[in-house]
Amino acid sequence: MSTPPRTRTWSPPAGAGSYRLHRHLGVLQRGPYDPACRFEDGAAWRGTRTPDGPAALRMRQERGTDGPVVRAEAWGPGAGWALETLPALLGGADDPSAFVPHHRLVAEAHRRHPGLRLARTGLVLESLIPSVLEQKVTAEEAYRAWRLLVRRFGERAPGPNLSLHVMPSARDWCRIPSWEWHRAGVDGKRSAAVVRAAQRASRMEEAAGMELDAALRRLQAIPGIGPWTAAETLQRSNGDPDAVTVGDLHLPRIVGYALTGARGVDDAGMLELLAPYAEQGQRHRATRLILSTGRVPPRRQPRFPVGDIAPL
């Protein structure tokens with residue numbers, strides 16, 4: 001007989017009337033076939049490795065008498081931890097009240113998306129490793145690598161969803177043979193960075209409880225982890241509203257074009273445009289709102305080529 005799940009119900013805070021569970025958790029999914037984050041039959045599923053062990057979490061948004069509610073079920077040794085941290089995962093720890101729009105476009109996006117809240121997983125490696133895999137490659141390559149490695153070296157998540165997986169433990173990441181990294185399309189630089197981070201897993205996880213500057217320094221102390229990877233990680237693990245991504249191929253051009261109509265804006269120009277939000281500690285929230293508008297510059301250059309790490 002299967003073990004019944006533990007359950008919890010959570011209601012978004014007042015003022016989050018446009019809250020959409022799938023849109024909220026979409027930032028945690030690494031591609032449409034992510035084995036650890038799936039959207040099926042109206043429910044969101046997460047396979048996660050908590051401090052207490054693996055867990056599977058199933059969440060479904062429903063209409064309550066006073067607004068939307070999320071009903072969650074959890075299985076596995078980490079079920080209690082997953083349910084205890086559910087409000088933070090769903091944006092309950094986020095406080096968007098400090099955000100003040102400084103651009104007409106941002107103000108309109110903020111008006112259209114009052115339910116936008118930032119997820120906080122509280123788990124650093126879970127976001128750090130796929131972010132490392134996304135360095136300097138196309139999204140499709142990174143998603144494929146994550147999918148193959150999680151399915152091959154992780155484990156099936158507890159509970160009834162047979163397609164849901166939990167990523168490998170820190171020890172198991174360190175044990176992946178070099179040829180398996182190669183088979184997944186991951187070059188030596190990225191695989192070495194993953195192993196270094198996994199070898200210091202406890203130090204990495206401590207960053208979930210740090211202020212942004214200290215957390216950024218902690219992650220970037222690992223060779224192979226730079227500002228881009230650190231920010232992408234802390235946006236998810238810490239739900240930090242000011243963890244702005246620098247070093248991205250597209251984001252500066254999108255922000256520059258959306259706010260000024262200019263093309264070719266670089267990181268320095270983007271940070272200058274976002275300076276009013278830095279004073280609020282809200283640059284990441286501002287970029288999320290800008291991206292929600294879909295206002296992007298016309299494509300004028302070829303897409304980043306698919307790489308080949310096979311030796312010559």
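Taking the side-chain contact (heavy atoms from CB on, under 4.5 Å) definition, one finds that Glu73 meets it with Pro5, Thr7, Arg58, Trp75, sequence neighbours left out. Judged as a side-chain contact (heavy atoms from CB on, under 4.5 Å), and not counting sequence neighbours, the contacts of His284 are Leu118, Gln235, Thr287, Arg288.
Considering only heavy atoms from C-beta on, Thr121 comes within 4.5 Å of Glu126 through its side chain. Counting heavy atoms from C-beta outward, Leu116 and Pro96 have side chains that stay 4.5 Å or more apart. Counting heavy atoms from C-beta on, the side chains of Glu232 and Ser127 never come closer than 4.5 Å. Considering only heavy atoms from C-beta on, Arg151 comes within 4.5 Å of Arg147 through its side chain. Residues Pro54 and Glu155 are in side-chain contact: their nearest non-hydrogen atoms beyond the backbone lie under 4.5 Å apart. Side-chain contact check for Leu259 versus Val265: every heavy-atom pair is 4.5 Å or farther apart. Counting only heavy atoms from C-beta outward, the side chains of Val137 and Arg190 approach each other to under 4.5 Å.
The structure places CG of Leu90 at 11.0 Å from CZ of Arg117, a figure rounded to the nearest 0.5 Å. Taken to the nearest 0.5 Å, the CG atom of Leu125 stands 11.0 Å off from the OG atom of Ser131. Taking CD1 from Ile129 and CE from Met167, the interatomic distance works out to 4.5 Å, rounded to the nearest 0.5 Å. Within the model, atoms CH2 of Trp45 and CG of Leu57 stand 9.0 Å from one another, a figure rounded to the nearest 0.5 Å. Atom OG1 of Thr138 sits about 10.5 Å away from atom CZ of Arg144, to the nearest 0.5 Å. Distance NE2/His165 to CG/Leu149: 12.5 Å, rounded to 0.5 Å.
Under a 3.5 Å cut-off, the side chain of Thr260 and the backbone N or O of Tyr257 do not form any donor-acceptor pair. The closest donor-acceptor contact from the side chain of Asp34 to the backbone of Gln29 lies at 3.5 Å or more, if one exists at all. Between the Asp267 side chain and the Val246 main chain, no donor and acceptor come within less than 3.5 Å of each other. When atom types are taken as modelled, the side chain of Arg6 and the backbone of Ala74 share no donor-acceptor pair closer than 3.5 angstrom. The main-chain N or O of Ala142 is never found under 3.5 Å from a side-chain atom of Glu134 such that the two would form a donor-acceptor pair. Under the 3.5 Å distance criterion, the side-chain polar atoms of Ser191 are matched with a main-chain donor or acceptor of Gly188. For Arg120 (side chain) and Leu89 (main-chain N/O), no donor-acceptor pair under 3.5 Å exists by modelled atom type. When atom types are taken as modelled, the side chain of Thr85 and the backbone of Ala88 share no donor-acceptor pair closer than 3.5 angstrom. No donor-acceptor distance shorter than 3.5 angstrom exists from the side chain of Arg253 to the backbone of Val296, with no hydrogens or angles considered. Checking side-chain atoms of Asn238 against main-chain N and O of Asp240 turns up no donor-acceptor pair under 3.5 Å.
For residues 203-215, the set of pairs meeting the salt bridge (charged side-chain N to carboxylate O under 4.0 Å, His left out) definition, not counting sequence neighbours, comprises Arg203-Glu206, Glu206-Arg218.
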Given side chain to side chain contact (heavy atoms under 4.5 Å, CB included), test Trp81 with Leu123 step by step and report yes or no. CA-CA 11 Å; Trp81 190 93; Leu123 300 168; 3.7 Å; yes
Leu271 and Arg283: side chain to side chain contact (heavy atoms under 4.5 Å, CB included), yes or no, with the steps? CA-CA 9 Å; Leu271 293 177; Arg283 288 176 295 179; 3.9 Å; yes
Run the side chain to side chain contact (heavy atoms under 4.5 Å, CB included) test on Arg236 and Leu28 for me, step by step, so that the C-alpha distance in whole Å, both residues' side-chain angles and the decisive distance to 0.1 Å come before the verdict. CA-CA 7 Å; Arg236 296 164 173 83; Leu28 304 180; 3.9 Å; yes
Please report the C-alpha distance between Thr9 and Val70 in whole Å, then the side-chain angles of each, then the deciding distance to 0.1 Å, and finally whether the side chain to side chain contact (heavy atoms under 4.5 Å, CB included) criterion is met. CA-CA 6 Å; Thr9 300; Val70 177; over 6 Å; no
For His102 and Gln280, what are the C-alpha separation, side-chain angles and deciding distance, and is it a side chain to side chain donor-acceptor pair (under 3.5 Å)? CA-CA 11 Å; His102 282 262; Gln280 306 170 21; 3.2 Å; yes
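Side-chain contact, Gln199 with Arg196: no donor N or O sits under 3.5 Å from an acceptor N or O. Using modelled atom types and a 3.5 Å distance limit, the side chains of Glu40 and Asn161 yield a donor-acceptor pair. Using modelled atom types, one finds a donor on one side chain and an acceptor on the other under 3.5 Å when comparing Gln135 with Thr229. Residues His24 and Gln61 have side chains that never bring a donor and an acceptor to within less than 3.5 angstrom of each other.
For the pair Glu141 and Lys136, the salt-bridge criterion is not met [side-chain N within less than 4.0 Å of a carboxylate O].
Here the closest heavy-atom approach between residue Ala230 and residue Leu216 is recorded as CB-CD2, 3.7 Å. Residue Tyr33 comes nearest to Arg38 through the heavy atom pair O-NH1, 4.0 Å, listed as atom of the first residue, atom of the second, then distance. Nearest heavy atom pair, residue Gln220 against residue Gly226, reads OE1-C, 3.7 Å. The minimum heavy-atom distance between Ala145 and Ala184, with the atom names listed, is CB-O, 3.4 Å. For the residue pair Pro77 and Asp52, the shortest heavy atom distance occurs at CB-O, 3.5 Å. Nearest heavy atoms, Ala55 versus Thr50: CB-CG2, 4.1 Å.
Atom CZ of Arg111 has more than 12 neighbouring heavy atoms from other residues, nucleotides or ligands inside a 6.0 Å radius. Shown here is Arg112, whose CZ atom has no more than 12 heavy atoms of other residues, nucleotides or ligands within 6.0 Å.
Linking ILVMFWY residues whenever their side-chain heavy atoms come closer than 4.5 Å, directly or via other members, places Val195 and Trp146 in the same cluster. The same ILVMFWY cluster, assembled from side-chain heavy atoms under 4.5 Å apart, contains both Phe99 and Val244. A single hydrophobic cluster is seen to contain both Val27 and Leu21, as judged by linkage of ILVMFWY side chains at heavy-atom distances under 4.5 Å, directly or through other members. No chain of hydrophobic side-chain contacts below 4.5 Å, direct or via other Ile, Leu, Val, Met, Phe, Trp or Tyr residues, connects Leu86 to Val166. At a threshold of 4.5 Å between side-chain heavy atoms, the hydrophobic network of Ile, Leu, Val, Met, Phe, Trp and Tyr places Leu212 and Leu251 in two separate groups.
The one candidate from Asp248, Thr233, Thr245 that meets the side chain to side chain donor-acceptor pair (under 3.5 Å) condition with Trp228 is Asp248.
Proximity of the aromatic rings of His103 and Tyr277 is defined here by a centroid distance below 6.0 angstrom, and this criterion is met.
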